[in-house]
Participant: 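Could you have a look at this structure, given as structure tokens, before my questions?
Computed over heavy atoms, backbone and side chain alike; hydrogens, waters and symmetry mates excluded.
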Number of protein chains: 2
Amino acid sequence: MARAGLTAERLTQAGAELADEVGFDQVTVSELARRFDVKVASLYSHVRNSRDLKARIALLSLEELADRAADALAGRAGKDALVSLANVYRDYAREHPGRYAASRFRLTPQEAAASAGGRHSQMTRAILRGYDLPEAEQTHAVRLLGSVFHGYVGLELEGGFSHSAPASQESWTRILDALDALLRNWPAP
Amino acid sequence: MARAGLTAERLTQAGAELADEVGFDQVTVSELARRFDVKVASLYSHVRNSRDLKARIALLSLEELADRAADALAGRAGKDALVSLANVYRDYAREHPGRYAASRFRLTPQEAAASAGGRHSQMTRAILRGYDLPEAEQTHAVRLLGSVFHGYVGLELEGGFSHSAPASQESWTRILDALDALLRNWPAP
DNA sequence: CCGCTTGCCTAAACCCATTAGGTAGATGCA
DNA sequence: TGCATCTACCTAATGGGTTTAGGCAAGCGG
């Protein structure tokens, strides 16, 4: 019996690929075992259970996404930064729908604290430096941006915009124009 | 053997309640059978399969949500209408998290066409009548509003805002203020 | 080169989904 | 009211996913 060389990392990586192929909630310990040509029970030495596997994939995706975002943001400010960050989320979701879905997996507070979640909100907040928002309004604006990004990407991924004119790309561009205008003209409390 | 009086409607209704209690993706044919004190196989005379059950719950939820929205919109315009509609979504999600999740279930194109989905976009579009947007921009604005509503509610439901100041309610209010301001000052293409 | 760790296995229990085919309670018609 | 029919619910069986307990051997450390 040759050893397959399983590790939690390889399982997580393969799980992420599987998610992109068949969808995040079709990611199954059994299917993963099949792909490694190994019996199901063997995975349980590396991963606590099915939920643990999914949480690992979620953490991986959040890291990848944060890395891409950091790259995209480097050297940019203002609307340029806003558009770049927004496109990171949208492009990632289109290239890696399973991983994107994973990034929306509900983590425990401990897992969330150890995740790249903090980097994400930091980066969104960084974008606001290019605009002139009162301190007290910044969190609201961060939450708005998060809502629009995840909301739009989610709807687009569910096929919400795919069968009606105008093309989704056009709305996306105009929505980012609008958000930029809004941040430049944020209403007084 | 007394008859339990199963119908697709009663199953759908009970499924919706179950969803609110245990979460939409924990809604299972087996659990439903248990609640009706009936064998699992019996449900298959009324519902095609598990997916069919979930789709029915989704359609039910979309209808309920559209009914509430229509109520809330009656006699309102402008910001008043915007805030009312937004609150319908948010309140529904908080009162009925399982049904809300169900309303995001991916329907087939046929199911979607027969759903209340159309009413929803009509109502969002109706809100824009209180603002002065060029025809060509309306769809973009509708998509933005949909993204913010579903994005915010989704993040809030996942607990994204629950453990950090300021309170979610405050952000929600400010975000609606901001959307109102944006719609009144929509940037030229 | 030998012993111990540990990586992968077999076996088994349990839950959910789904289908085929049976039985008895409800319904309709004379 | 009595009979035939229909159909609502049942039993039984299959197959897939999850998870745990306990075994054997591969390969590393001494």
Side-chain angles (χ1 to χ4, degrees), chain A residues 1-60 97-99 101-102 105-108 110-111, chain B residues 1-60 98-99 101-102 105-108 111:
Chain A
M1 306 163 186
R3 302 205 165 182
L6 303 182
T7 66
E9 288 65 36
R10 289 190 62 197
L11 289 173
T12 307
Q13 187 65 43
E17 284 156 24
L18 178 58
D20 285 335
E21 289 171 35
V22 304
F24 182 59
D25 32 47
Q26 265 66 55
V27 170
T28 191
V29 182
S30 303
E31 177 60 27
L32 215 46
R34 238 170 267 131
R35 301 218 162 186
F36 280 92
D37 198 25
V38 136
K39 298 295 170 180
V40 191
S42 307
L43 300 207
Y44 284 81
S45 320
H46 303 279
V47 143
R48 236 190 323 280
N49 51 37
S50 180
R51 199 219 157 264
D52 180 40
L53 172 65
K54 290 190 174 181
R56 286 171 189 267
I57 299 173
L59 292 173
L60 171 72
R99 286 155 143 100
F105 184 74
R106 191 174 189 143
L107 299 169
T108 67
Q110 296 83 43
E111 289 166 338
Chain B
M1 308 166 186
R3 302 205 166 185
L6 302 182
T7 65
E9 287 65 36
R10 288 190 63 197
L11 289 174
T12 306
Q13 187 65 42
E17 285 157 23
L18 178 58
D20 285 335
E21 289 171 35
V22 303
F24 182 59
D25 31 47
Q26 265 67 56
V27 171
T28 191
V29 183
S30 304
E31 178 60 30
L32 215 45
R34 237 169 268 132
R35 301 218 162 187
F36 279 93
D37 199 24
V38 137
K39 297 296 168 181
V40 191
S42 308
L43 301 207
Y44 283 82
S45 319
H46 304 279
V47 143
R48 237 190 322 281
N49 50 37
S50 180
R51 198 219 157 265
D52 180 41
L53 172 64
K54 291 190 173 182
R56 285 171 189 268
I57 299 173
L59 292 173
L60 171 72
R99 286 157 144 98
F105 184 74
R106 190 173 190 144
L107 299 168
T108 66
E111 289 166 339

Participant: Step by step, work out the side-chain contact (heavy atoms from CB on, under 4.5 Å) result for A/Arg51 and A/Thr108.
Facilitator: CA-CA 11 Å; A/Arg51 199 219 157 264; A/Thr108 67; 3.8 Å; yes
Participant: Applying ring pair (Phe, Tyr, Trp, His ring centres under 6.0 Å) as the test, list every pair that has at least one member in residues 16-59 of chain A; sequence neighbours left out.
Facilitator: A/Phe24-A/Phe105
Participant: Let's see if you get this right: which residues in residues 44-58 of chain A place a heavy atom under 4.0 Å from DNA chain D?
Facilitator: A/Tyr44, A/Asn49, A/Ser50
Participant: Going by heavy atoms closer than 4.0 Å, what residues in residues 33-43 of chain A are next to DNA chain D?
Facilitator: A/Arg34, A/Val40, A/Ala41
Participant: For residues B/Val38 and B/Leu6, determine if any side-chain heavy atom of one lies less than 4.5 Å from a side-chain heavy atom of the other.
Facilitator: yes
Participant: Could I get the full list of salt bridge (Lys or Arg N to Asp or Glu O under 4.0 Å) partners for B/Arg35, not counting sequence neighbours?
Facilitator: B/Glu21, B/Glu31
Participant: List in chain and number order the residues that pass salt bridge (Lys or Arg N to Asp or Glu O under 4.0 Å) with A/Arg10, two or more places apart in sequence or in another chain; answer none if no residue qualifies.
Facilitator: none
Participant: Expressed as a whole number of angstroms, how long is the span from A/Gln26:CD to D/dG16:C1'?
Facilitator: 13 Å
Participant: Pull out every residue in residues 6-24 of chain A that has a heavy atom closer than 4.0 Å to any atom of DNA chain C, ordered by number, or say none.
Facilitator: A/Leu6
Participant: If you round to the nearest 0.5 Å, how far is NZ of A/Lys54 from OG1 of A/Thr28?
Facilitator: 7.5 Å
Participant: Can you name the nearest heavy-atom pair linking B/Leu107 to B/Leu59, along with the distance?
Facilitator: CD1-CD2, 3.9 Å
Participant: It should be established whether A/Thr28 places a side-chain nitrogen or oxygen under 4.0 Å from OP1 or OP2 of nucleotide D/dG16.
Facilitator: no
